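Below, chain A is the first sequence line, B the second, and so on; all start at residue 1. Predicted model, so just to flag it, every value in this text is computed and none were measured.
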Amino acid sequence: MIDKEKKTKAKKPKGPNKLKPKDRMKIPRQDMSAQDPKDRAHNFNEVPFGFTEEQALKEAARCLECPKEPCIKGCPVEIDIPEFIRLIISKDYAASARKIKETNSLPAVCGRVCPQEEQCEAVCITGKKGKPVAIGHLERFVADYERENNLVELPEIAPPTGRKVAIVGSGPAGLTVAGDLIKFGHSVTIFEALHKPGGVLVYGIPEFRLPKSIVQAECDFLADMGVEFQNSTVIGKMDTIDELFEMGYDAVFIGTGAGLPNFMGIPGENLIAIYSANEYLTRSNLMRAFDPDDYDTPIIRGKNIAVLGGGNTAMDAVRTGLRLGADNAYIVYRRSRIEMPARIEEVHHAEEEGIQFHLLCNPIRFIDDGKGWVKGMECLKMELGEPDASGRRRPVPIEGSNFTLDVDLVVVAIGNSSNPLIPQTTPGLDCNKWGNIIADDNSLLTSRKGVYAGGDIVTGGATVILAAGAGKKAARAMHKYLMEEVKK
Amino acid sequence: MIKVIENLQIGPMVWKMLVEVPRLVAKAKAGQFVILRVNDKGERIPMSIAGLDKDKGLLTIIYQVVGKTTALMTTVQPGEEISDCVGPLGLPSHVEKWGTACVVGGGIGIAPVYPIAQAYKEAGNKVITIVGARNKGLLFYEDEHKSVADDYYPCTDDGSYGHHGFVSDVLKKLLDDGEKIGMIMAIGPVPMMKVVANLTKDYNVPTWVSLNPLMIDGTGMCGGCRVSIGGETKFACVDGPDFDGHMVDFDLLTSRLGAYKNQERKAMKKLLEDPKCRLTKAVKEFKYPDEKA
């Protein structure tokens, strides 16, 4: 019966959507309802509520099922988007989630944090004459539906191959590699430096954007498949990469993520209440400092806070500051709005919540209150000059434009440089001049046999889905290596 | 989860905890540190390594009750578990054969200079150990230090034991008497490390100190532990914890250590008032130095 259906489908590519293209185009793009900005500025609950079933069905019906399917190519992990949407129209949501999971291990995460507007949705044909299909919202809907209704099924796992893999870091790259390699029948251990798995999904991205219960569910799912998690284990300190091989691992994946936070290098930067975004977010997210009645980690709560930077991390930090009680929460960014690397959706959410933007503005020194705490920031106004190496117009200071911003908390969110712990302790592992590990674009193989690397440790600060995409490629190459070159 | 083998009070507000972490102990070297979490809702706190039993896989931590987390540590019974102990973190202390090497330990710093003294001794140095505390009751680890040190000088602020005065007095006298010291490692309260470093600068004796800033992950990710060394910002967790004492901005370190003073006190007060908490009477009488009756 199933075979017969497949055959018919192959002959006549007509799915369950009976609407004519013209009528599909008439359906407006569905918006997720969200917490009111006034309320959410004071709590850590997730901002958008997600689609209702009715909304998901309406939105799915907007897909034109165009023959070229550009959305698949637009996705870093090449999810079969038209097919998962067809399964929504058939109301088989669990099957839809499983379809996504064939290529993306983390749909509930990616449905929330992927920049779809630059990827799948940017090339969506429906979007050529209107708004694109809300692919990200649909991905989130089916992943949540599957999880909340306990429909998650363990995928088929190949018979044990006898090969052992060590994964260093449990962020999006590591989790993806683990999910794929365990299915192939390899034995997989993830080593995590912190006490909880999830990497940036847990310490970096706030609860209001990605509830930690979702990350935990993804990790539990991997554990159920047989992945072993060794938390509180710092590779490069406890064991080196070479020692992992001595311990019997046949291949290693390094996905240690972003490294040491960058600071501005201006006077006063070590005053109290000047945090790196990593520290500020880790205190609030991983260590739950926003909930002092229940958790012990302290955090400084500013009344007037400035977050330096224009990326997603900056938006996360400034919105966290607002929720921790700031009266004024500023983004201070040296270029203009167009150059801001943050997702439009995040900037929009921040604006709705009352975040104030000081654009074309750059701090030159921090001012001491006389007791070692920051009380202000001297800034210069900027204007845009010629494009620089990154292609963005270079900000140039306007002479004499100095002004002081009164702030009692500053969060520096201007990126990270690489973490040296593994390169320092792994002879023969080649890095570029910034200290990022060099890995082949397709196989993610490093200069060391059997050692693969992906995610931010290779690319520098990027996105969750790019890290997951790298994990995908690495898993494929590692599987081939394990089966062809590791004799058992 | 990490098994606690022993948790003994060894002085007023000072405890010795032995935890079973064989893989960590096998790799750890003198001068490194670990990060502990007592329970699942607790904070992460860095602790110096105060002893390594490689055969039994046991790590010694000497801690002083200074707030909520350390107070909670005292309630853990042998055989019970704490949530985490991650490490070894930081770089090991630099060890070579200088001829004569000196360790200076003040207060709780008496503990971590012990494994360093051992390492100096194993490298073939004559080891001079100077330890100091407010009074005799606060001096500990005497047998351990005596077993390693060629010369051992205890000091107390009140003269109740050993030299009446500061560790820096003894060190100054040794230097004035012409003792040729190739390396000094000083660990203790920030004012003590500062005094020692200022003293030895005049004598041009290399002096290293182990810094204890606040930190979270201990792997370089958070940057909370930044310290200023010769005007340059360093991360104590990956670049240290040992630094050239002549280059350290001690005042900045002191200032940053006070960042959460009010929140810490509030949490401690709440704990002390909690009738359900199984703190011993001794700990329940905890007072901050500036609130002594």
Side-chain angles (χ1 to χ4, degrees), chain A residues 192-196 200 203-204 230-234 236-240 243 256-263 265 269-283 286-289 291-301 368 371-373 412 416-421 424, chain B residues 2 21 23-24 26-28 32 34-35 37-45 67-69 72 83-90 214-228 233 235 237-239 249 251-264 266-267 270-271:
Chain A
E192 167 56 46
L194 290 166
H195 55 266
K196 260 194 195 144
V200 72
Y203 77 73
Q230 285 198 20
N231 299 334
S232 293
T233 307
V234 183
K237 285 287 174 190
M238 175 86 98
D239 303 300
T240 62
E243 283 164 341
T256 48
L260 283 54
N262 295 335
F263 286 90
E269 201 146 44
N270 293 330
L271 289 170
I272 302 175
I274 301 179
Y275 283 115
S276 74
N278 286 358
E279 179 179 6
Y280 188 63
L281 291 170
T282 302
R283 281 183 183 273
L286 172 75
M287 306 301 296
R288 318 291 281 182
D291 180 9
D293 290 337
D294 222 10
Y295 288 83
D296 289 338
T297 297
I299 195 163
I300 297 165
R301 291 167 185 250
D368 191 341
K371 294 174 193 154
W373 291 64
V412 184
N416 298 284
S417 45
S418 58
N419 190 309
L421 291 184
Q424 263 173 9
Chain B
I2 304 292
V21 277
R23 274 176 71 199
L24 189 160
K27 294 293 161 60
Q32 290 186 292
V34 299
I35 288 183
R37 228 163 44 110
V38 181
N39 60 48
D40 209 41
K41 292 184 172 179
E43 55 182 342
R44 296 168 63 96
I45 51 166
K68 180 176 178 182
T69 302
L72 284 176
S83 289
D84 310 286
C85 175
V86 55
L89 299 169
L214 307 173
M215 54 178 74
I216 302 181
D217 62 300
T219 63
M221 184 270 279
C222 86
C225 66
R226 53 199 199 274
V227 290
S228 181
T233 295
F235 291 178
C237 68
V238 288
D239 300 322
D249 182 342
D251 297 340
L252 178 73
L253 176 64
T254 304
S255 169
R256 288 184 61 86
L257 281 169
Y260 301 102
K261 202 171 139 185
N262 293 338
Q263 291 179 60
E264 283 163 1
K266 219 166 127 188
K270 205 171 146 194
L271 178 75

Test side-chain contact (heavy atoms from CB on, under 4.5 Å) applied to Arg37(B) and Asp296(A), step by step: CA-CA 10 Å; Arg37(B) 228 163 44 110; Asp296(A) 289 338; over 6 Å; no
Are Arg23(B) and Asp239(A) within salt-bridge range, i.e. N to O under 4.0 Å?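 So Arg23(B) pairs with Asp239(A) through a salt bridge.
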Any salt bridge linking Lys27(B) with Glu243(A)? Criterion: basic side-chain nitrogen under 4.0 Å from a carboxylate oxygen. yes
Find the distance between CD1 (Ile272(A)) and NZ (Lys261(B)) and round it off to the nearest 0.5 Å. 10.0 Å
Working to the nearest 0.5 Å, report the span between CZ of Arg44(B) and OG1 of Thr282(A). 9.5 Å
Closest contact, heavy atoms only, [X] versus [Y]:
{"X": "Ile300(A)", "Y": "Tyr260(B)", "result": "CG1-CE2, 3.6 Å"}
{"X": "Ile216(B)", "Y": "Arg283(A)", "result": "CD1-CG, 3.3 Å"}
{"X": "Lys371(A)", "Y": "Ser255(B)", "result": "O-OG, 4.3 Å"}
{"X": "Ser232(A)", "Y": "Val86(B)", "result": "O-CG2, 3.3 Å"}
{"X": "Pro261(A)", "Y": "Phe235(B)", "result": "CD-CE1, 3.6 Å"}

Looking at Ser83(B), Ala267(B), Gly220(B), which has the largest count of heavy-atom pairs under 4.5 Å with chain A?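 The option with the most such pairs is Gly220(B).
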Residue among Glu43(B), Glu264(B), Met215(B), Lys41(B) with most heavy-atom pairs under 4.5 Å to chain A: Lys41(B)
Does any heavy atom of chain B fall under 4.5 Å from the side chain of [X], the backbone, both, or neither of them?
{"X": "Asp293(A)", "result": "both"}
{"X": "Lys196(A)", "result": "neither"}
{"X": "Leu421(A)", "result": "side chain"}
{"X": "Asn419(A)", "result": "side chain"}
{"X": "Tyr280(A)", "result": "neither"}
{"X": "Met238(A)", "result": "both"}

Which one of Val234(A), Asp294(A), Thr233(A) has the most heavy-atom pairs closer than 4.5 Å to chain B? Asp294(A)
Heavy-atom pairs under 4.5 Å with chain B - which of Asn416(A), Ile299(A), Thr297(A), Leu281(A) has more of them than the others?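 Maximum pair count with chain B is reached by Ile299(A).
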[X] side-chain N/O to [Y] backbone N/O, donor-acceptor pair under 3.5 Å:
{"X": "Asn278(A)", "Y": "Gly223(B)", "result": "no"}
{"X": "Ser276(A)", "Y": "Cys222(B)", "result": "yes"}
{"X": "Lys237(A)", "Y": "Leu89(B)", "result": "no"}

Indicate yes or no: at least one non-hydrogen side-chain atom of Ile274(A) is less than 4.5 angstrom from one of Arg226(B).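 Yes; the side chains approach each other to less than 4.5 Å.
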Should Leu260(A) and Val238(B) count as side-chain neighbours, where that means a heavy-atom distance under 4.5 Å? yes
Toward chain A, the part of [X] with a non-hydrogen atom under 4.5 Å:
{"X": "Ile45(B)", "answer": "neither"}
{"X": "Leu252(B)", "answer": "side chain"}
{"X": "Asp40(B)", "answer": "backbone"}
{"X": "Lys266(B)", "answer": "neither"}

Kindly determine whether Thr233(B) and Glu269(A) satisfy side-chain contact (heavy atoms from CB on, under 4.5 Å), including the steps that lead there. CA-CA 9 Å; Thr233(B) 295; Glu269(A) 201 146 44; 6.0 Å; no
